[in-house]
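Notes for the one structure printed next.
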Amino acid sequence: MHVSNKQLAHLLRSVAAAYILTDVNRFRIIAYQKAADAVDSYNQEVYDQWENKGVDGILEMGGIGPTISQHLDQYFKNPHGSFIEEQLQSIPSPVYELMLAPGIGPKKAYRIVKEFGLSDPTTVFDDVKKIASEHKISVLDGFGEKSEEDVVQAINTHIGRLDKEERMALPEAYTLAMDVMNYMQKVPEVEHIEALGSLRRKVSTIGDIDLAIIAEEHTYEKIIAHFVSYPQTSTIESQGINKASVITKNGKRIDVRIVDKDRYGAMLQYFTGSKAHNIKLREYALKKGFSLNEFGIKHVKTGKINTFEREEDFYNFLGLQYVEPELREGSDEIKFAARKKLPELITTQDVRGEFHVHSSFPIEPSHDLGLHSFDEMLQEARNMHYEYLAFSEHNPSVSKHTPEEVIELVRNKKESFIELQKKYKDVLLFNSLEVDILPDGSLAIPQEATEYLDLCVVSIHSAFTQKRDIMTARILKALSYPKVKIFGHPTARLINKREEIDVDWDVIFKMAAQKNIALEINSFPDRLDLPDGLVRKALSYGCKFVIDTDAHKKEDMGLIMFGVAVARRGWLEKNDVINTKNKDEIIDWIRK
DNA sequence: GCCGTTTTCGGCCCGACTGTTTTCAGTCG
Ligand SMILES: Nc1nc2c(ncn2[C@H]2C[C@H](O)[C@@H](COP(=O)(O)OP(=O)(O)OP(=O)(O)O)O2)c(=O)[nH]1
Ligand SMILES: [Mg+2]
Ligand SMILES: [Mg+2]
Ligand SMILES: [Zn+2]
């Protein structure tokens with residue numbers, strides 16, 4: 001039976017909880033928690049990996065070691081009677097559910113479940129609320145009036161989140177962050193405010209908003225008081241001297257940390273994360289005799305503390321290259337930084353054009369047409385100082401046209417480019433299409449019509465759930481047609497809406513590298529496809545990439561920054577990305 | 001349970017906040 005990453009992470013956290021409650025070695029507990037974190041941040045389905053490569057497929061992701069991999073292998077084959085199931089059975093199952101409420105961990109959950117003999121995980125939240133309403137929790141050892149209220153509040157927060165997405169798409173997160181930052185800047189004592197955490201690392205989905213503030217120490221109290229009074233606050237999770245957290249009416253958490261200017265560098269480092277990166281960095285520092293925290297670097301022997309206003313100096317002090325936030329995921333970036341071998345990441349300024357925008361040209365496609373005309377899109381390209389642009393509308397609908405009509409439509413488009421190119425001498429035009437990869441791997445366009453194209457983007461818009469071997473063969477076939485230069489939004493995922501296709505990426509990447517077909521990094525915030533993890537994998541096969549916006553209106557062309565963020569998170573340098581090249585190099589690439 | 005250009009054994013990040021405590025455990029970032 002298929003196990004989703006979400007279920008798997010919960011499973012591993014449950015084992016960790018069972019171990020906490022049975023007093024197992026604390027580092028073994030941490031190993032299970034780390035494994036759960038790794039599953040959460042992995043952008044392929046671990047179960048699929050296992051299904052096709054076995055234990056090696058699990059080990060490959062990093063973050064899970066040989067023992068847990070073996071246990072998972074056994075669990076996936078048959079959970080009944082498996083080691084993992086056995087561990088879980090030592091604790092009543094409602095504990096694992098109750099733990100999901102924020103602020104309730106294994107110990108509190110167990111205490112309550114045990115005391116009242118709860119046995120049904122499906123009703124545990126209602127059961128506990130009922131018990132609380134009868135004030136039976138406050139009389140327990142270690143509990144009181146306030147903590148009884150907090151339990152109910154935690155359950156309500158959890159339930160309130162159930163029908164919402166767990167993680168925000170980037171634009172939503174930016175909007176929320178901006179709103180809070182604007183609100184905080186009403187306090188004149190706020191010298192600087194900045195979004196850190198996953199937002200600074202530009203992760204594709206954002207769990208909460210993390211803000212760092214610079215201020216003088218005597219103003220902290222005033223600033224914190226202002227923060228928790230944010231109009232959208234629903235509950236104040238915590239309110240301390242230099243940090244506070246609230247949950248908004250939409251169920252979104254906002255964390256704030258305040259620090260003085262002299263120590264901001266260390267705070268930037270800590271609060272940008274990721275957690276895995278921080279732990280690896282701290283372990284690395286310990287070996288060199290230093291202990292790190294969000295305020296500075298302590299020499300363990302002498303106790304001397306160094307402070308840092310700049311984050312770069314913090315890394316350099318440890319003998320490391322500065323690590324760009326997008327690389328701080330706790331994979332192997334610290335090793336590279338120690339050897340001064342980190343990549344020089346691509347920037348938005350490096351992008352000189354793109355290959356996937358939709359115009360309103362009446363190509364009569366089976367999917368959606370763009371909103372703006374060639375002219376309007378080209379004006380935008382000019383504004384962005386692009387040197388070239390490929391129009392890639394969806395192919396003309398094959399069900400509504402004869403092959404001859406399709407050929408006619410494509411030729412019309414090509415002919416209209418002649419005048420257009422004269423008008424826009426500074427932007428080299430390419431006649432392209434985004435062609436459907438049909439379920440059998442053939443392209444939704446007559447071969448003759450492609451003769452009028454300079455290139456085409458091929459992508460999947462149907463039959464997303466084919467089995468891995470069929471899907472792999474389908475894509476290989478599609479990539480073998482002439483004029484195919486770009487594999488568009490390769491996984492076809494829609495964040496929070498549609499899963500990635502299941503395919504043997506090793507085979508696809510090998511073929512793409514060999515045939516000089518670029519993998520698209522689609523910048524649309526609900527796609528971000530290829531996902532960053534696969535970008536890095538493809539890079540190791542020598543693949544090349546294009547960063548496209550898939551713009552359906554001119555304003556969408558500004559989304560390119562999101563695609564660049566994915567590229568950076570995939571460790572790409574300028575040279576790995578085709579649309580950083582000049583016109584002549586592009587023409588060469590298309591001919592190859 | 002994991003892992004290795006100083007280790008295959010012996011270490012493993014570090015601190016803030018809360019409630020119920022008379023010194024701390026639990027939970028979280
Ligand atoms: N050293 C250390 N730092 C942590 C730990 N937990 C969190 N942090 C730091 C690094 C995180 O990026 C930062 C913000 O924490 P969050 O829980 O908000 O995580 P992050 O923003 O990375 O991901 P998110 O999208 O919110 O799930 O705080 C920890 O256990 N140890
Ligand atoms: Mg966060
Ligand atoms: Mg946070
Ligand atoms: Zn598409």
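Lettering of chains follows the sequences in order, A, B, ..., and the numbering in each one begins at 1.
The shortest distance between the side-chain N/O atoms of H277(A) and the OP1/OP2 oxygens of dC13(B) is not below 4.0 Å. Contact annotation: N278(A) does not reach the phosphate of dC13(B) (side-chain N/O to OP1 or OP2, under 4.0 Å). In this structure, R253(A) reaches the dG29(B) phosphate: one of its side-chain N or O atoms is under 4.0 Å from OP1 or OP2.
A salt bridge links R569(A) with E329(A): the distance from a Lys NZ or Arg NE/NH1/NH2 to an Asp or Glu carboxylate oxygen falls below 4.0 Å. Here E148(A) does not pair with K136(A) in a salt bridge; the nearest charged N to carboxylate O distance is not below 4.0 Å.
Remark: aromatic rings of F317(A) and F290(A) are close, center separation under 6.0 Å.
Although no hydrogens or angles enter the test, the distance criterion places no donor-acceptor pair under 3.5 Å between the side chain of S147(A) and the main chain of F143(A). Remark: the backbone N or O of L342(A) is paired with a side-chain donor or acceptor of Q321(A) at under 3.5 angstrom. In this structure a side-chain-to-backbone donor-acceptor pair under 3.5 Å is present from K340(A) to G319(A).
To the nearest whole angstrom, the two C1' atoms, one in dT5(B) and one in dG1(B), are 24 Å apart.
Between the side chain of Y270(A) and the base of dG29(B) there is at least one donor-acceptor pair of N/O atoms closer than 3.5 Å.
Taking the six-membered ring where the residue is Trp, W50(A) and Y47(A) present tilted rings, their angle falling between 30° and 60°. Note: H192(A) and Y264(A) have perpendicular aromatic rings, judged against thresholds of 30 and 60 degrees for the angle between ring planes.
Distance OH (Y284(A)) to P (dT5(B)): 11 Å, rounded to an integer number of Å. Summarising the geometry, the separation between CD1 on I29(A) and C1' on dT27(B) is reported as 14 Å, rounded to the nearest angstrom. Rounded to whole Å, atom C1' of dG1(B) lies 12 Å from atom CD of Q33(A). Protein atom CD1 of I305(A) is 13 Å distant from nucleotide atom P of dC14(B), rounded to whole Å. Between the C1' atom of dC28(B) and the CD1 atom of I236(A) lies a distance of 17 Å, rounded to the nearest Å. Between L12(A) atom CG and dG1(B) atom C1' the separation is 12 Å, expressed in whole Å. Rounded to whole Å, the distance from CG on L292(A) to C1' on dC12(B) is 15 Å.
Stems are defined here as 3 or more consecutive Watson-Crick or G-U wobble pairs with pairing distances under 3.5 Å; those involving DNA chain B are B:1-4 with B:9-12, B:14-19 with B:24-29.
Residues Y19(A) and I91(A) fail the side-chain proximity criterion, which asks for heavy atoms closer than 4.5 Å.
Taking both residues in full, the closest heavy atoms of A18(A) and Y96(A) are given as CB-OH, 3.6 Å, listed atom of the first, atom of the second, then distance. The two residues V566(A) and P531(A) come nearest to each other via the heavy atoms CG1-C, 4.2 Å.
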Quick tally for nucleotides 16-22 of chain B: nucleotides whose base has a protein heavy atom under 4.0 Å get B, sugar-phosphate-only ones S, the rest -, giving SSSSSS-
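Listed nucleotides dT27(B), dT7(B), dC2(B) differ in distance to K287(A); the shortest reach to its side chain belongs to dT7(B). Here dG1(B) is the nucleotide among dG1(B), dC14(B), dT27(B) with the atom lying nearest to any side-chain atom of T67(A). Distances from the side chain of R282(A) to the nucleotides dG1(B), dC3(B), dC13(B) place dC13(B) closest. For E283(A), taking side-chain heavy atoms from C-beta onward, the closest of the listed nucleotides dC3(B), dG29(B), dC12(B) is dC12(B). Distance from the side chain of L286(A) is smallest to dC13(B) among dG26(B), dC13(B), dG1(B).
Nucleotide dT7(B) is shown with a syn base, its glycosidic torsion being within 90° of 0.
Comparing K34(A) and F271(A) by the nucleotide of DNA chain B that holds the closest heavy atom to each, the one mapping nearer the 5' end is K34(A). If S291(A) and G65(A) are placed on DNA chain B by their nearest nucleotide, the residue sitting closer to the 5' end is G65(A).
Residue I279(A) is classed as a base contact, given a heavy-atom separation below 4.0 Å to a base.
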